[in-house]
Amino acid sequence: PWLRGAAFVYGLVVRARMWAYDHGWQKQARLPCQVVSVGNLTVGGTGKTPMVILLTEWLQAQGQRVAVISRGYKRASTEAKVLVSDGQRVLVGPAEAGDEPYLIANRCPKAIVAVGADRAAVGRWVLEQWPVDWIVLDDAFQHRALYRDLDVVLVDAMDATGLDAIVPAGRLREPLAGIRRAAAVVITRADSERDVAAVRARLQAVLTGHPVQAEVIFRPDEVVSVLSGARHAADWCVGKKAWLVSGIGNSESFRRLAMANGVQVLGVTACADHYAYRSEDVDRIRTQVRRTNAEIVLTTEKDAGKLGPLLRADEPWWALRLRADVRRGEGDLRKLIQGREREVAGERATVEGQAR
């Protein structure tokens, strides 16, 4: 009961804040480029990073110049603005950048990547230095201080009950009705039609208008050596005996993916999201690997950057690289983004014509 009471109070505060933005009492900063936010309604991992990477790749394939801006959650740096990548090279490690921005910078080497709590200030700072057509905001659905042209909201099919109550009684960051602000609703980890149906039933009760709806699954793409960067196709680890190591928002999803990819899982080390690994953690894992005769240690791409410096040469630690695969609604999602591109081109042409 006391959790429900705390959730009620927290919900009132959140509703008041959202009402203030909806009615113009709280002003939103605007940037002179297109802004798309990838976020979620719940605490924990819904697959935002693979979706940020996918949207960035889509935009770049259309010739758009893209910057990705993130808060840089759990980063060690206290700087207000940190440049993670200048579009040519990665400039800082995961400790300074945060896990997700560092991963995005490596996966999208031609994108500008920067972090900071004040996303508007970071955006202006980036635009002063580079010509950017689109800014992709990582985990910013509740960050209303910066205006965005499109909101893409992710909902985890494996966490339907997470939509039932606001924190601390549940997992919602804000009331479920907040999803009405979204231009697109994407159900992630949509491997099971039964799970998807449970989530869809909850969403249909609150959705209004006609947001684009899509479903995404995450597929193993490659296996990458944590130490050398050597790569193999994902099926290289089929049949291998592995110990799994992860510090992500949904460690169970990682275990399922590994098993679905044919890995023989002998044991699991599941740490908290954004866990800062220590040498003693790696020593314990080594002991478990020897005890079980595991052939490899398999970790997530997000964890690999933090684990690499703690390993000895030639240790068989590998990272499973994932790719977002839009199972349903890809055409509508692409049209949503491309449609906004055409609108902007039309607006620019009109302004130029008036100027002439």
Side-chain angles (χ1 to χ4, degrees), residues 21 24 26-39 48-49 51-152 183 337-338 340-356:
Y21 277 112
Q26 288 278 1
K27 300 299 182 184
Q28 292 181 302
R30 287 179 177 255
L31 297 177
C33 67
Q34 299 307 293
V35 179
V36 56
S37 162
V38 178
K48 293 183 295 295
T49 301
M51 280 302 299
V52 167
I53 293 169
L54 181 65
L55 293 183
T56 299
E57 290 174 344
W58 283 2
L59 289 166
Q60 289 180 326
Q62 296 295 321
Q64 302 294 301
R65 296 164 296 187
V66 182
V68 178
I69 296 178
S70 173
R71 176 185 171 188
Y73 183 65
K74 292 275 183 146
R75 62 189 173 101
S77 172
T78 58
E79 297 293 326
K81 299 182 285 287
V82 175
L83 184 64
V84 182
S85 172
D86 61 1
Q88 296 181 326
R89 64 191 188 282
V90 179
L91 303 172
V92 297
E96 297 86 357
D99 298 341
E100 290 89 351
Y102 178 74
L103 171 56
I104 292 166
N106 279 280
R107 289 286 298 274
C108 303
K110 294 184 179 180
I112 310 298
V113 181
V115 300
D118 186 341
R119 259 65 68 96
V122 175
R124 286 190 288 267
W125 179 61
V126 166
L127 288 166
E128 287 170 0
Q129 302 175 73
W130 291 278
V132 170
D133 302 305
W134 279 83
I135 285 177
V136 180
L137 298 178
D138 174 34
D139 194 11
F141 187 53
Q142 287 78 31
H143 187 77
R144 303 284 305 274
L146 176 58
Y147 174 84
R148 69 289 312 275
D149 299 274
L150 298 171
D151 266 305
V152 177
I337 296 172
Q338 292 167 358
R340 185 56 194 162
E341 289 175 11
R342 287 192 293 270
E343 287 178 25
V344 173
E347 291 167 2
R348 287 175 180 167
T350 300
V351 171
E352 291 171 359
Q354 291 173 343
R356 287 195 294 270

> Are Gln26 and Arg144 close enough that some pair of their side-chain heavy atoms sits under 4.5 Å apart?
no
> Return the minimal non-hydrogen interatomic distance between Ala97 and Val115, and the atom names on each side.
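So the two residues come closest at O-CG1, 3.5 Å.
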> Under the rule for side-chain hydrogen bond (donor to acceptor under 3.5 Å, both in side chains), what residues qualify as partners of Asp139, not counting sequence neighbours?
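side-chain hydrogen bond (donor to acceptor under 3.5 Å, both in side chains) check on Asp139 returns Arg173.
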> What residues form a ring pair (Phe, Tyr, Trp, His ring centres under 6.0 Å) with Tyr73, not counting sequence neighbours?
His274
> Measure the shortest side-chain to side-chain distance between Gln338 and Gln62 over non-hydrogen atoms and say whether it is less than 4.5 angstrom.
yes
> Give every donor-acceptor pair under 3.5 Å between a side-chain atom in residues 119-132 and any protein atom, sequence neighbours left out.
{"unit_1": "Arg119", "atom_1": "NE", "unit_2": "Ala117", "atom_2": "O", "d": "3.4"}
{"unit_1": "Arg119", "atom_1": "NH2", "unit_2": "His143", "atom_2": "ND1", "d": "3.2"}
{"unit_1": "Gln129", "atom_1": "NE2", "unit_2": "Trp125", "atom_2": "O", "d": "3.1"}

> Hey, mind stepping through Ile337 and Leu59 against side-chain contact (heavy atoms from CB on, under 4.5 Å) and telling me if it holds?
CA-CA 8 Å; Ile337 296 172; Leu59 289 166; 3.4 Å; yes
> With Glu96, which residues qualify under salt bridge (Lys or Arg N to Asp or Glu O under 4.0 Å), at least two apart?
none
> Has the side chain of Asp149 got a donor or acceptor atom that lies under 3.5 Å from a matching backbone atom of Val35?
yes
> Measure across Arg148 and Asp151 and return the closest heavy-atom pair with its distance rounded to 0.1 Å.
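So the two residues come closest at NH1-OD1, 2.8 Å.
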> What pair of heavy atoms forms the shortest contact from Leu146 to Ala29, and how long is it?
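Residues Leu146 and Ala29, closest heavy atoms: CD1-O, 3.4 Å.
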> Should we count CZ of Arg71 as having more than 12 external heavy atoms under 6.0 Å?
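Result for CZ/Arg71: open.
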> Could you tell me if the side chain of Cys108 sits less than 4.5 Å from the side chain of Ile53, heavy atoms only?
yes
> Let me confirm one number: the CG-CD distance from Leu91 to Gln88, rounded to the nearest 0.5 Å.
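The CG atom of Leu91 sits 9.5 Å away from the CD atom of Gln88.
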> Quick check: closest heavy atoms across Gly72 and Pro101, and the distance to 0.1 Å?
CA-CG, 4.1 Å
> Could I get the full list of salt bridge (Lys or Arg N to Asp or Glu O under 4.0 Å) partners for Asp86, not counting sequence neighbours?
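Scan of Asp86 (salt bridge (Lys or Arg N to Asp or Glu O under 4.0 Å), adjacent residues dropped) gives Arg89.
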> Is any side-chain heavy atom of Ile69 closer than 4.5 Å to one of Asp138?
no
> So, taking the atom named CH2 in Trp58 and the one named CD in Gln64, what distance separates them when rounded to the nearest 0.5 Å?
14.5 Å
> Apply the test side-chain contact (heavy atoms from CB on, under 4.5 Å) to residues Leu54 and Thr56: give CA-CA distance (whole Å), side-chain angles for both, the deciding distance (0.1 Å), then the verdict.
CA-CA 5 Å; Leu54 181 65; Thr56 299; over 6 Å; no
> Would you name the heavy atoms of Ala140 and Ser37 that are closest together and state the gap between them?
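Result for this residue pair: C-OG, 3.4 Å.
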> Can you list everything that forms a salt bridge (Lys or Arg N to Asp or Glu O under 4.0 Å) with Asp99? Sequence neighbours excluded, please.
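Once residues adjacent in sequence are excluded, the partners of Asp99 under the salt bridge (Lys or Arg N to Asp or Glu O under 4.0 Å) criterion are Lys306.
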> Any side-chain heavy atom of Ile135 within less than 4.5 Å of one from Leu137?
yes
> May I have the step-by-step check of side-chain contact (heavy atoms from CB on, under 4.5 Å) for Thr49 and Leu103, ending in yes or no?
CA-CA 8 Å; Thr49 301; Leu103 171 56; 3.8 Å; yes
> Taking the side chain as everything from C-beta on, heavy atoms only, tell me whether Val82 gets closer than 4.5 Å to Val92.
yes
> If I compare all heavy atoms of Pro109 with all of Asn106, which pair ends up nearest, and what's the gap?
CD-O, 3.9 Å
> Please test Trp134 against Leu150 for side-chain contact (heavy atoms from CB on, under 4.5 Å), starting from the C-alpha separation and ending with a verdict.
CA-CA 11 Å; Trp134 279 83; Leu150 298 171; 4.1 Å; yes
> Enter the distance from Leu55:CG to Met51:CE here, rounded to the nearest 0.5 Å.
4.5 Å
